[in-house]
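Read the structure below first, then the notes.
In the text below, chain A, chain B and the rest are named by the order of the sequence lines, each starting its count at 1.
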Amino acid sequence: MFLQLFFGYCALMIVVSGLLAISLRNPVHCVLMVLVLFFHMAGLYLTLNAEFLAAVQIIVYAGAILVLYLFVLFLVSLREELHLTAFVPNAWLGRIIAAGLAVGLIATIPAFSLGEKSAWTVAAIREATHTKALGQELYTSYLLPFEIAGLILLVALIGGLVLARRDENGADAPESGADGKEVLR
Amino acid sequence: MIHTAAVSWTALEPILPELLLIGIGVLLIGCDLFLPRQRQLLPWLTVLGCLTALAMILAAQPVTAFGGMFLADGYAKVFKVICLGAVILTTLMAGQFRRLIGPRQGEYDSLLLFSLVGMLLMASAGDLMVLYLGLELMALPVYALVGLHKREQRTSEAAIKYFLMGAFASALLLFGMSLLYGLTGTTDIGRIAELIASRNLAANPALLAALGLLLAGLCFKVAVAPFHLWTPDVYEGAPTLVTAFMSVGPKAAGFAIFGRMLLEGLPQLQGHWGPILAVLALLTMAVGNITALCQHSLKRMLAYSSIAHAGYAVLGLLPGTAEGMAATMTYLVVYLFMNLGAFAVLMLLAAPGQSRESIDDCKGLATRHPVVAALMLVFLFSLTGIPPTGGFIGKFYLLKAAFTAGYTLTVVGAVLFSAISAYFYLRVVRLMYMSEAEAPVSLTFSPGMTAALGLCLAGALGLGLFPGSLLGWIVAALTGS
């Protein structure tokens with residue numbers, strides 16, 4: 001009974017803070033809403049007996065990544081909102097599609113049946129301890145995805161550097177004369 | 001009780017081509033930093049690495065590695081050849097674009113190679129996790145490449161649009177995958193098909209919801225209508241070289257995971273996804289071809305034409321058979337040569353300070369540069385699908401595959417839209433041959449560009465003159481004989 005109440009509370013808070021995160025005007029408030037969302041997500045992991053994941057969720061996401069977001073927000077200090085022309089001119093069309101999608105997905109829930117269980121039962125994990133079970137799986141069966149994820153981080157780093165680096169005033173480019181001013185803008 | 005397992009290096013053998021490319025990607029950044037004088041050698045290093053990887057992939061025996069997560073089978077081999085071909089050809093063309101890339105040569109080539117590794121992993125993915133991570137590894141460098149040329153406002157806008165839509169598509173795809181995992185309890189694509197059969201899940205509404213989400217995500221990635229809205233702006237805004245690469249490489253890799261998911265993961269649902277895809281293919285061809293009619297920018301016209309070509313390529317997926325998939329693969333090989341060829345001519349026309357992307361810039365090209373005009377003529381004929389070019393053969397196999405599977409109406413629509421497409425492709429030909437030039441255009445050829453144009457011409461014409469050899473090779477690779 002308590003577990004169900006706790007789950008209901010976490011789920012409700014995730015939905016509410018998720019909605020607030022995309023609808024609030026002040027970007028700092030949005031990031032704080034995401035922080036609330038992450039804490040309740042960690043709560044969900046706790047109900048699933050995944051204590052290690054819950055701790056990682058709080059340390060990495062709430063602790064590191066969101067602080068980074070806040071740093072970026074304060075450093076960039078956007079005075080005015082950026083506006084992109086929307087693909088779909090009427091926002092209500094998007095809302096109707098989203099609501100339809102949500103209703104459709106909720107309608108399929110009664111038909112949902114759980115798939116086959118893996119070798120790691122709750123008892124087996126408790127015996128081997130969380131971190132050990134996770135580490136063993138990561139470095140044996142899931143070695144390839146794990147390494148690809150590492151490579152993605154490297155690529156993100158290089159891509160970020162390429163995009164963030166300022167043009168060297170076009171010293172090597174022959175057409176620098178006219179474009180030099182545009183760079184400074 | 002600590003178990004220490006000896007690392008068995010032989011387990012890495014199937015992914016050696018990918019490891020080689022990653023090594024070269026890192027090496028390129030190092031060379032760019034420490035050997036700034038040798039920068040003009042970097043594209044050749046890239047091409048050399050890709051050719052070595054190509055030879056290794058062609059010589060490799062079909063194996064399954066990492067517990068079924070990595071499948072180096074014939075299916076993967078064909079798509080890997082297409083993706084490698086796209087990177088080799090665009091790198092050869094990059095010499096022409098050097099003045100735009102400027103001092104960023106090393107990072108540009110290295111990002112291209114990392115994207116290539118992602119595409120190779122997508123082609124080989126036997127597990128939803130590798131499939132998704134490969135997709136992200138492919139997409140991230142392309143987001144950066146689109147925004148590489150920061151002087152222009154529209155490239156930054158294109159990069160942001162592409163990034164947002166790509167993230168959105170990934171979210172839909174992940175949602176579908178998580179539902180699929182919940183229903184079956186496994187991420188192995190082959191095992192998912194077995195479990196759907198053994199647990200009678202085929203009519204389960206939750207599985208259909210998963211299928212719908214997967215289809216939406218995949219259609220975003222290969223730009224099939226109505227999920228194509230990002231394509232024209234992004235293709236037009238990106239540097240032409242990156243557009244050429246994006247319209248071929250990532251699209252082919254997208255079709256690789258499309259085919260793998262539908263044909264190997266969800267074959268029991270063919271009765272559902274077959275008709276849905278038939279309607280989407282028709283819609284895509286209609287949107288692509290009809291909107292291309294009223295474009296004045298050649299680059300934007302080619303962007304819409306690439307949407308239309310995604311619609312043709314989907315036709316081969318409809319039957320859900322190896323023959324149909326072989327038709328799609330053949331078409332993608334032909335498309336690689338003809339589309340990159342057309343973009344190469346567009347790049348040749350561009351000059352410092354002027355992009356010359358309008359259709360009017362082709363006026364009178366034949367009198368001043370007959371060779372370039374003749375090349376463009378071949379590529380445009382091939383894109384229209386006029387014999388004896390490769391485009392005709394590719395379309396023929398696709399229509400045959402869809403027709404034998406019983407999608408008669410879709411085939412009729414495809415032929416009609418193909419006829420419509422002749423109008424805007426041949427309009428460019430008419431301007432090149434039957435109009436007077438407005439201003440003299442001087443063209444410069446870099447050696448790499450000449451080689452790339454030669455390869456594209458050989459591909460577009462050769463595949464049209466000897467169609468059986470390519471299809472024979474692909475069918476042999478697919479059936480594993």
Side-chain angles (χ1 to χ4, degrees), chain A residues 82 84-88 101 104-118 132 136 139-183 185, chain B residues 5 15 22 26 29 65-67 69-70 99-100 102-104 107-108 110-111 114-115 117-118 121 127 129-130 133-134 136-137 140-141 143-145 147-148 150-152 157 159-161 164-165 175 179 181-186 195 199 201 204-209 212-213 229-230 352-353:
Chain A
L82 290 174
L84 280 178
T85 44
F87 287 113
V88 187
L101 188 66
L105 283 174
I106 290 170
T108 63
I109 287 178
F112 194 86
S113 65
L114 266 189
E116 62 175 13
K117 298 261 191 313
S118 77
K132 194 175 171 191
Q136 260 182 5
Y139 284 97
T140 53
S141 351
Y142 294 96
L143 181 64
L144 184 66
F146 183 65
E147 296 296 334
I148 302 173
L151 194 60
I152 289 179
L153 290 182
L154 172 71
V155 167
L157 202 65
I158 299 174
L161 281 177
V162 166
L163 286 183
R165 196 165 76 175
R166 195 160 289 169
D167 267 328
E168 291 154 4
N169 226 2
D172 290 24
E175 79 271 41
S176 62
D179 291 345
K181 284 174 204 146
E182 282 190 43
V183 178
R185 261 196 311 192
Chain B
I15 59 162
I22 294 171
V26 175
I29 301 179
F66 294 98
M69 289 204 173
F70 187 87
R99 55 180 181 271
L100 286 182
R104 298 251 171 76
E107 286 133 358
Y108 167 81
S110 147
L111 283 174
F114 284 126
S115 178
V117 173
L121 286 168
D127 192 284
M129 229 176 282
V130 177
L133 287 170
E136 286 299 301
L137 182 58
L140 267 182
Y143 300 145
L145 285 177
L148 194 65
K150 279 178 297 193
R151 282 178 202 158
E152 276 191 56
E157 195 183 322
I160 290 180
K161 257 184 194 166
L164 287 177
M165 295 319 275
F175 205 160
L179 277 180
Y181 174 70
L183 282 165
T184 57
T186 176
L195 282 169
R199 294 176 158 241
L201 287 173
N204 191 319
L207 185 67
L208 297 183
L213 290 168
L229 289 167
W230 57 273

Are I148(A) and V130(B) close enough that some pair of their side-chain heavy atoms sits under 4.5 Å apart? yes

Please confirm whether the backbone N or O of A111(A) pairs with a side-chain atom of N204(B), one donor and one acceptor, at under 3.5 Å? yes

Considering only heavy atoms from C-beta outward, does the side chain of L163(A) approach that of Y143(B) to under 4.5 Å? no

Toward chain A, the part of L207(B) with a non-hydrogen atom under 4.5 Å: neither

If one checks every heavy atom of I109(A) against chain B at 4.5 Å, the contacting part turns out to be neither

If I take atom CG from residue L201(B) and atom CZ from residue F112(A), how far apart are they, to the nearest 0.5 angstrom? 9.5 Å

Mind checking whether E116(A) and L195(B) have side chains closer than 4.5 Å, heavy atoms only? yes

Does S113(A) reach the side chain of L183(B), with side-chain heavy atoms less than 4.5 Å apart? yes

Under 4.5 Å heavy-atom distance to chain A, tell me which part of L133(B) shows up: side chain, backbone, both or neither. both

Just how far is it from atom CD1 of I22(B) to atom CG of L154(A), taken to the nearest 0.5 Å? 9.0 Å

Drop me the distance from L111(B)'s CG to I158(A)'s CD1, to the nearest 0.5 angstrom. 6.0 Å

A side-chain contact here means heavy atoms from C-beta on lying under 4.5 Å apart; do L179(B) and L105(A) qualify? yes

List in chain and number order the residues that pass side chain to side chain donor-acceptor pair (under 3.5 Å) with S141(A), two or more places apart in sequence or in another chain; answer none if no residue qualifies. E137(A)

Chain A contact via L208(B) - side chain, backbone, both or neither, heavy atoms under 4.5 Å: neither

Report yes if the side chains of V162(A) and L145(B) come closer than 4.5 Å at any heavy-atom pair, otherwise no. no

Identify, with sequence neighbours excluded, every residue that meets side chain to side chain donor-acceptor pair (under 3.5 Å) alongside E147(A). none

Looking only at heavy atoms, the pair that brings T108(A) and A209(B) closest together is CG2-CB, 3.9 Å

So which part of I152(A) gets closer than 4.5 Å to some heavy atom of chain B, the side chain, the backbone, both or neither? both

Engaged part of Y181(B) at the chain A interface, taking heavy atoms whose separation is under 4.5 Å: neither

Chain B contact via L114(A) - which portion, at a heavy-atom distance below 4.5 Å: both

Pick from G212(B), G134(B), G67(B), G185(B) with the largest number of heavy-atom pairs that fall under 4.5 Å of chain A: G185(B)

